[in-house]
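Accompanying notes for the structure given below.
Labels below follow one simple rule: chain letters A, B, ... track the order of the sequence lines, proteins then strands, and each chain is numbered from 1. Every value quoted in this text rests on a predicted model; they were computed, and no experiment measured them.
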Amino acid sequence: MTDEIRLRFAPSPTGYFHVGGARTALYNWLVAKKSGGQFILRIDDTDEQRNKDEWTDGILAALGWLEITFDEGPYFQSQRKSLYSETARRLFESGLAYFCSCTREEIDERARLRGGRPGYDGFCRDRGLQPKEGYALRFKVPDGETIVDDQVRGRVVFSNSTIEDFILLKGNGAALYVLANFVDDVDLRITHVIRAEEHLPTTPKAVLLYQALGLRPPVFAHLPVLVNEKRVKLSKRRDRVAVEDFRDQGFLPEAMVNYLALLGWSPGDDVEFLSREEMLDRFDLSRVSKAPAFFDVVKMTHFNKHYIMIMELDRFVEESVRFLESEDFWTGDEAQRAKLTEVAPFVKERIALLSEVVPMVDFLFADLKELGLPIGPFSDSDQVILSRYVDRVERLQEFRKDDLESEFRELGEELSISLRKLQAPIRLAVTGRKVGPPLFVAMEVLGRDTSIRRIKGALGQRV
RNA sequence: GGCCCCAUCGUCUAGAGGCCCAGGACAUCACCCUCUCAAGGUGGAGACACGGGUUCGAAUCCCGUUGGGGCUGCCA
């Protein structure tokens, strides 16, 4: 029982769930799962002003999408308040904490007079104040030093003189992060705390609390922060970091997870594509790097492309439908799905984001005009190509891609023109675009009538 | 300002004293392949922040400098 490994992910629901949180959750999950331990979800919503249920729903949805599953929870700190006041009372009664009547203004004023150094000066330490509405409860930081033994950073020593008597309970009696976090970690028997580096400076406070109550602190591991191109911590306000946005853009969860796993961790060899099983097998906190890492969407896109390419065809079709459904032309009927399935293998290996499916296949489902696609321009030589090609394919018994291609190649020889140049006007006439699936596949799926109609239509469109 | 963390190609990283005139991946450039776009293949350019030590020998250890970051709230 005491040997049981238990980790938790404790996000605060103050905004969209972002990639940094996802990475933290993933690392916790990995350590829990590979050690046969438990992974617990706890919602740190002690700050009622800034928390909203919808953010919690978003976190749950995103974790589910990424398949980061939890064994217990979610627990909500907002529902565990009595636990915090109970511990606070014990701390106060045993003289480890005291009440303080100072306002922010008073503290700042004294700091100013003292000579600039901001922070609380311990003014109420020995005043023997009793609990009262409006009084905050502060922890009496002892002399000496506090050591944080960190799995990724090693031994970090803090001189207690640099740690002010921090607040445990607000004036309204509500618990603050350090207290609530500590109480819950103890109560939930958390053995490993893995979180972002920004929490490192508050860690000695937690350690002090464990020591004050004669408890053994958990193992700590502080992950390097994720930064933007300016190398400052990723922020929900400045940067595009919401997991759900990436999902909506057509990123695959396995691509995100794989990329995130490698952002700050490396298996040690040159392998980059790792399945869940391989990650579980190889993940090791001691191989987590210490330096901040740039969240590079371009590289994540590369992972996405890879995972789209190796995806099962059926799933690819289903995922594609998600993006087609928001288009007017998509009815989702049998015929449309059949066409989609036919071109899918060719589309699958050409896109990096699922959202790119739409411009790859839209010409199959609606008139080019309706799609706002150009019909032309076609030069005189294009006209020659189009008319000669349509003459040829009109005579075809079967409108099959192989025959369409044979005719195409023969025409190329006949006109002594490179196939690259030859395909351009035909593709534009048939699909309205310069890029897309292989032309003859496109034509076969589109069908004889529409294909020929579009080419003939283009013939009437001189520059 | 104070406390703390960090420092290898543009980016993510490998490297735990000699295997490194530093390897891989993304991005980038060139060429090949090719019906477009992709994919694939070949090749190129591209980094140990700086200065001192320690050592026969340092990207790797120590110190300093510089640079970057985090925290500094009755937020988490």
Side-chain angles (χ1 to χ4, degrees), chain A residues 10-14 44-47 49-51 77 100 102-104 107 115-119 134-138 148 150 152-154 156-159 161-164 166-178 180-181 195-204 222 224-225 227 229-233 259 262-273 287 289-296 298-303 305 309 346-352 356 360 404-405 408-409 412 418-424 426-428 431 433-442:
Chain A
S12 176
T14 55
D44 279 12
D45 55 352
T46 52
D47 185 355
Q49 260 81 49
R50 310 193 336 159
N51 297 151
Q77 289 197 324
C100 169
C102 300
T103 62
R104 185 75 240 170
I107 294 167
R117 291 185 307 282
Y135 286 5
L137 181 69
R138 287 183 182 273
V148 174
D150 193 281
V152 345
R153 272 148 226 289
V156 184
V157 182
F158 295 84
S159 168
S161 62
T162 65
I163 305 172
E164 66 175 27
F166 54 92
I167 293 180
L168 263 13
L169 247 34
K170 300 193 217 179
N172 65 7
L176 234 32
Y177 165 74
V178 179
N181 207 61
R195 66 223 313 191
E197 192 193 344
E198 64 217 57
H199 293 279
L200 187 54
T202 72
T203 307
H222 288 92
V225 294
V227 299
E229 61 288 340
K230 288 177 177 165
R231 305 218 63 91
V232 301
K233 188 173 75 163
Y259 175 66
L262 260 25
L263 245 200
W265 170 73
S266 156
D269 53 24
D270 294 333
V271 176
E272 293 213 298
F273 294 120
R287 293 197 56 86
S289 68
K290 302 185 185 62
F294 170 60
F295 179 75
D296 187 358
V298 174
K299 182 146 188 182
M300 185 165 75
T301 303
H302 168 254
F303 277 79
K305 186 180 203 99
M309 200 134 39
F346 303 96
V347 174
K348 197 159 79 79
E349 55 189 20
R350 286 174 163 72
I351 60 175
E356 293 168 4
M360 275 283 185
L404 291 165
E405 181 165 355
F408 171 76
R409 287 181 183 280
S418 74
L419 298 180
R420 165 183 290 269
K421 285 182 180 159
L422 191 65
Q423 61 87 35
I426 304 171
R427 178 181 297 281
L428 189 62
T431 73
R433 295 182 187 275
K434 291 179 177 167
V435 304
L439 181 55
F440 313 109
V441 170

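Side chain of A/Asp45 to backbone of A/Pro13: no donor-acceptor contact under 3.5 angstrom is found. A donor-acceptor contact shorter than 3.5 Å links the side chain of A/Gln423 to the backbone of A/Arg420.
In this pair, A/Phe303 and A/Phe273 present their aromatic rings perpendicular. The plane angle is above 60°, beyond the 30 to 60° band.
Separation of the P atoms belonging to B/A49 and B/C9 is 7 Å when rounded to the nearest angstrom. To the nearest whole angstrom, the two P atoms, one in B/G15 and one in B/G23, are 15 Å apart. Look at the P atom in both B/A38 and B/A27: the space between them is 11 Å, to the nearest Å. On the C1' atoms, B/U11 is 28 Å away from B/C32, given to the nearest whole Å. For B/U65 and B/C3, the P atoms lie 13 Å apart once the distance is rounded to whole Å. Rounded to a whole angstrom, the distance from the C1' atom of B/U60 to that of B/G53 is 15 Å.
For the pair A/Arg231 CZ and B/G70 P, the interatomic distance rounds to 11 Å; values are reported in whole Å. At whole-Å resolution of the value, CZ in A/Arg287 and P in B/C12 are 17 Å apart.
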A/Asn181/A/Arg195 under side-chain contact (heavy atoms from CB on, under 4.5 Å): CA gap, chis, key distance, verdict: CA-CA 12 Å; A/Asn181 207 61; A/Arg195 66 223 313 191; 3.4 Å; yes

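The phosphate of B/G69 (OP1 or OP2) has no side-chain N or O of A/Lys230 nearer than 4.0 angstrom. Side-chain N/O atoms of A/Thr162 include none lying less than 4.0 angstrom from OP1 or OP2 on B/G2.
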Where do N or O atoms of nucleotides 4-6 of chain B meet protein N or O atoms at under 3.5 Å, pair by pair?
unit_1: B/C5; atom_1: O2'; unit_2: A/Arg153; atom_2: NH1; d: 2.4
unit_1: B/C5; atom_1: O2'; unit_2: A/Glu197; atom_2: OE2; d: 3.0

I'd like a table of atom pairs between the protein and nucleotides 73-76 of chain B - only N or O on both sides, under 3.5 Å - with the distance next to each one.
unit_1: B/C74; atom_1: OP1; unit_2: A/Arg104; atom_2: NH1; d: 3.1
unit_1: B/C74; atom_1: OP2; unit_2: A/Arg104; atom_2: NH1; d: 3.1
unit_1: B/C74; atom_1: O2; unit_2: A/Gly171; atom_2: N; d: 2.6
unit_1: B/C74; atom_1: N4; unit_2: A/Cys102; atom_2: O; d: 3.1
unit_1: B/C75; atom_1: OP2; unit_2: A/Lys170; atom_2: NZ; d: 3.0
unit_1: B/C75; atom_1: O2'; unit_2: A/Asp47; atom_2: OD2; d: 2.6
unit_1: B/C75; atom_1: O2; unit_2: A/Arg50; atom_2: NH2; d: 3.2
unit_1: B/A76; atom_1: OP1; unit_2: A/Thr46; atom_2: OG1; d: 2.4
unit_1: B/A76; atom_1: OP2; unit_2: A/Tyr177; atom_2: N; d: 2.8
unit_1: B/A76; atom_1: O3'; unit_2: A/Asp44; atom_2: O; d: 3.4

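A salt bridge is absent between A/Arg350 and A/Glu356; no separation between the charged side-chain nitrogens and carboxylate oxygens falls under 4.0 Å.
Nucleic acid contact for A/Arg195: none, since no nucleic acid atom lies under 4.0 Å from a heavy atom of the residue.
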Nucleic acid footprint by protein, nucleotides 22-42 of chain B - heavy-atom cut-off 4.0 Å, B for base, S for sugar-phosphate alone: -BBBSS------BBBBSS---

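For the atom pair CZ (A/Phe408) and CG (A/Leu439), the distance works out to 7.0 Å, reported to the nearest 0.5 Å.
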